[in-house]
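So you know, we letter chains A, B, ... as the sequences are listed, proteins then strands, and number each from 1.
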Amino acid sequence: MDLNFTPAEEAFRAEARAWLEANVPVGLPSGDTAEGFALHVEWEKKLFDARWSVVSWPEEYGGRGASLWEWLIFEEEYYRAGGPQRVTQNGIFLLAPTIFEFGTEEQKARFLPRMAAADDLWCQGWSEPDAGSDLAGIKSRAARDDERGGWVINGQKTWTTRGAFCNWLFGLFRTDPDAARHSGMTYLMVPLETPGVTVRGVERLDGDEGFAEVFFDDVFVPDDLVLGGVNEGWGVAMATTSSERGLTLRSPGRFCAAADRLVDLWKRQAAAGEHPERVESMRDDVAQSWMEAEAYRLATLADVTGLVNGVSQGARSSLTKIFWSELDVNLNETALRLLGPAAELIETSPAAVDGGAWMKGFEFALSGPIYAGTNEIQRNVVAERVLGLPRK
Amino acid sequence: MHFAFTEDQLLFRDTVAEFFANECPPEKVRWSWDDEVGRDASTWAALAEMGVIGLTVPEAFGGMGMNEIDLLPILTEAGRYAYPAPLVETVAVVAPLLAESAPSEIAEKWLPGIADGSVIATVELDGQPFVNDMHIANLLIAQRGDRLFAVPGENVRSTAQVSVDGARRLFSVEWDEADAELIASGEAGVQAANRAFDRGAAATAAMLVGLSEQMIAMTVAYVVDRKQFGVPIGSFQAVKHHLADAELKVSFARPVVWAAAYGLATNSDEVAREVSMAKCFASDAAEVVARKALQTHGAIGYTTEHDLHFWLKRSWALASSWGDALWHRRRVAHILLDN
Ligand SMILES: Cc1cc2nc3c(=O)[nH]c(=O)nc-3n(C[C@H](O)[C@H](O)[C@H](O)COP(=O)(O)OP(=O)(O)OC[C@H]3O[C@@H](n4cnc5c(N)ncnc54)[C@H](O)[C@@H]3O)c2cc1C
């Protein structure tokens, strides 16, 4: 057991820290509005130009060929420096691992560098009005068009994060309506500029237009936009959802940075002396939140040690997803209780503490137990696939 | 970075686990409840023979000279089998304390006996008023303010206290300084006592992980087997979610406990925080797991005829000794907030 990073890894950290401290933008507006999104894309391009946007990817696709450990270090430094959540995440963290695993060489060369550079912006099209937790219930149909060499899509996706600002969508479509529920689906990549696509933004709980509905009306997609095999989309999609539950989407750096900010908030509230009893009574909860973030960091170090030695997390990634999503809610809830009467003030309110970031963070955190497979579904997975309880 | 145990550490652990599986089955735990002494010398002697009792004793005194990273996985196995003898006190706390802080003549007097199994040691620290296994101990290490003493067992007057865990043997103790040898005093005494406390807390956390894992295993076996409404109760989602919550708690306590082992073994600057996190998470986990285990067993778990209660009660006892979750959470709060 050795919990030290190597000198080379520490040098990598120092380089990342220096660059991030000099370059991370302060006070970017939410990336879930049209104006905010554009500013975030500018920041992501800057990251790419300095080759920090996808550190773990091979150099030919815009990365640094960094190890998993270096990637974790980068994430830690990114959030430590106050970097904003990545608006490119659905591409770089969810689609990219799938392209690396299932894509053709041509697809890799075509999509990965533009994704890394934030030239293409990707959204994720799984959910449909009648298919949420029960993803295999999707109905959107892609019919064979032999003449043109491709597929014609009709149907609708929903809850598509940042769909209104992206130019590409990846998702699952039913290509063999007669096949069994989990078969007959194909993973397609769809340019949203294609005739027949209509995107309608939907306002989320926090007031931003972060959701979208995407309608497909005889939308033609050529064969080279199929990822993995025709009718094999379920298996391909499952690879993406496991990245979403596990490590790649939610590295511990973000939660550790938030926990440090919570400690700092407590100290500022204590120094201000306005609600001494409230502040005093919140000590244990602040410590608990900080410890949960630290526990998540330690669990990640153990998981990554496993990964680099060839032991994958498997269904245990469901435990990871429950833990990070619930710790995020607890942490933000703790901050709001610390704020008391100021908790409800949002960004545009002059007296808001930290620009209303805690309420915003709370609202965002509340979605964690819902997206990426609800926590009820994850608990089913833990019981059945980790503990071996009977499905029926 | 490598946050895992070595092959050798795991092999040693597995050997000890196999030993407990044979020598400390539930009937043996039941015997510990019923028997007046409740400890059998042969198991201790066999553990000494295997090197477990002398694991932390320096090689110069006949031990293995190993550290917490080697020891804690073994204590997790002791917890899994609810082994009742004072491994935490003798192996995790007293042996390293004597090796590190005692004058050489005191260390020489006791450490070889610990290593060969002839000396059983226990400990009384401030804030830890009840002493485990004084009835079989040859040596008590006790704190008085900033002084630490070694008290030979025969010089200790003890009054039995009764734990909810009938396999435990707890005592209030009295002794006279004239009958004791001073180990350390002043700043050195306080430091040695603090370090002893941290070692005991981390070791107990490791035991709680094993207890929790075993309660989950017993409960999984039960809910797969037990049928109601014509199906295994483990197929009901409410039951599944209780068990998933239990698994979640222990899964995120485990790495925190290993980090405390590492912190102790490497003299980390942040060892107080690391240990307190470990005991806090392990205590909380065990309490949640115990609740879930009992709830999903139903009435059978509520009898003393079923074995589950041995684990429930050991969990309650260990969750609140060496600092409970509240105490340790407050220590972390103090470290984080008051500077
Ligand atoms: C912020 C956010 C971003 C999102 N982004 C995207 C995106 O980019 N692309 C995309 O495709 N989707 C996205 N989603 C949608 C998300 O994947 C779904 O919300 C999720 O799969 C749950 O589906 P649902 O909302 O239809 O809820 P339902 O499936 O209708 O579930 C409602 C409730 O019933 C419970 N429930 C359902 N089935 C079971 C069961 N078998 N056992 C126990 N309880 C059950 C659920 O746990 C939940 O509590 C996003 C959601 C949110 C909140």
Side-chain angles (χ1 to χ4, degrees), chain A residues 1-6 9 67-69 72-73 259-260 262-263 266-267 270 279 282-288 290-292 294-306 308-309 311 316 318-320 322-323 326-327 375-376 378-384 386-392, chain B residues 1-6 9 69 216-217 219-221 223-224 231-237 239-249 251-259 261-263 265-266 268 273-274 276-278 280-281 284 325-326 328-339:
Chain A
M1 195 177 284
D2 177 7
L3 298 193
N4 294 300
F5 288 107
T6 63
E9 286 161 345
S67 69
L68 212 42
W69 293 122
L72 266 184
I73 290 170
D260 286 339
L262 177 66
V263 165
W266 186 93
K267 288 181 178 173
V279 171
M282 294 300 295
R283 292 173 62 95
D284 291 358
D285 291 346
V286 171
Q288 180 66 25
W290 191 92
M291 288 194 292
E292 285 173 7
E294 174 68 5
Y296 184 53
R297 186 182 74 86
L298 292 169
T300 303
L301 296 180
D303 289 342
V304 172
T305 299
V308 301
N309 291 292
V311 185
R316 300 194 68 87
S318 289
L319 289 160
T320 306
I322 300 170
F323 194 80
E326 295 185 353
L327 94 81
N375 285 11
E376 288 75 21
Q378 305 302 341
R379 284 180 162 85
N380 293 347
V381 172
V382 171
E384 290 163 14
V386 176
L387 299 174
L389 298 190
R391 298 203 56 167
K392 287 246 160 52
Chain B
M1 180 68 64
H2 185 82
F3 193 20
F5 296 99
T6 62
Q9 284 161 342
I69 304 174
I216 291 173
T219 309
V220 165
V223 303
V224 168
V231 293
I233 56 171
S235 64
F236 298 127
Q237 198 171 61
V239 170
K240 286 181 178 172
H241 286 197
H242 278 313
L243 276 161
D245 284 337
E247 180 64 23
L248 181 69
K249 278 288 187 179
S251 294
F252 283 85
R254 210 180 284 123
V256 176
V257 173
W258 302 155
Y262 181 83
T266 58
S268 151
R273 180 186 48 71
E274 289 158 351
S276 278
M277 274 189 64
C280 182
F281 273 56
D284 275 347
L326 178 76
H328 284 285
R329 191 179 294 109
R330 295 219 156 141
R331 184 158 75 148
V332 174
H334 174 65
I335 292 166
L336 291 174
L337 303 177
D338 302 329
N339 54 46

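- Applying the side chain to side chain donor-acceptor pair (under 3.5 Å) criterion to B:T219, with sequence neighbours excluded, gives no partner residue.
- Using a 4.5 Å cut-off between heavy atoms, A:E384 touches chain B through its side chain atoms alone.
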Can A:L298 and B:F3 be said to form a side chain to side chain contact (heavy atoms under 4.5 Å, CB included), step by step? CA-CA 8 Å; A:L298 292 169; B:F3 193 20; 4.1 Å; yes
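- In terms of heavy-atom pairs under 4.5 angstrom with chain B, the leader among A:V382, A:V386, A:N380 is A:N380.
- Annotation: maximal heavy-atom pairing with chain A below 4.5 Å, among B:A4, B:P232, B:A261, occurs at B:A4.
- Of the listed residues A:P390, A:A299, A:A383, A:A287, the one with more heavy-atom pairs under 4.5 angstrom with chain B than any other is A:P390.
- Contacts between B:I216 and chain A at a heavy-atom distance below 4.5 Å involve the side chain alone, from C-beta outward.
- A salt bridge between A:D303 and A:R316 is absent, with no side-chain N of the basic residue lying under 4.0 Å from a carboxylate O of the acidic one.
- At a 4.5 Å heavy-atom cutoff, B:V231 makes no contact with chain A through either its backbone or its side chain.
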Assess whether side chain to side chain contact (heavy atoms under 4.5 Å, CB included) is satisfied between A:T320 and A:Y296, documenting all intermediate values. CA-CA 8 Å; A:T320 306; A:Y296 184 53; 3.6 Å; yes
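- When heavy atoms are compared at a cutoff of 4.5 Å, A:K392 approaches chain B solely by way of its backbone atoms N, CA, C and O.
- Both the backbone and the side chain of B:E247 have a heavy atom closer than 4.5 Å to some heavy atom of chain A.
- Neither the backbone nor the side chain of A:R297 comes within less than 4.5 Å of any heavy atom of chain B.
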Check step by step if side chain to side chain contact (heavy atoms under 4.5 Å, CB included) holds for A:M291 and B:L336. CA-CA 10 Å; A:M291 288 194 292; B:L336 291 174; 5.7 Å; no
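- With B:M1 as the partner, the side-chain contact (heavy atoms from CB on, under 4.5 Å) test is satisfied by one option alone out of A:L68, A:V304, A:N4, A:L301: A:L301.
- Using a 4.5 Å cut-off between heavy atoms, A:E326 touches chain B through its side chain atoms alone.
- Judged by distance alone, with hydrogens and angles left aside, the side-chain atoms of B:S268 form no donor-acceptor pair with the main-chain N or O of B:G263 at under 3.5 Å.
- Using a distance-only test at 3.5 Å, with no hydrogens or angles considered, no donor-acceptor pair links the side chain of B:Y262 to the main chain of A:M1.
- Residue B:I69 touches chain A through its side chain alone, counting heavy-atom pairs closer than 4.5 Å.
- Looking at A:D285, neither its backbone nor its side chain comes within 4.5 Å of chain B, counting heavy atoms on both sides.
- Of the listed residues (A:A302, A:G306, A:A270), the greatest number of heavy-atom pairs within a distance under 4.5 Å of chain B belongs to A:A302.
- Residue B:H334 touches chain A through both its backbone and its side chain, counting heavy-atom pairs closer than 4.5 Å.
- The aromatic rings of A:F5 and A:W69 sit perpendicular to each other, their planes meeting at more than 60°, with 30° as the lower class boundary.
- The 12-atom threshold is exceeded at NE2 of B:H241, counting heavy atoms of other residues, nucleotides or ligands nearer than 6.0 Å.
- When the candidates B:F5, B:W258, B:F281 are compared by the number of heavy-atom contacts under 4.5 Å with chain A, B:F281 comes out ahead.
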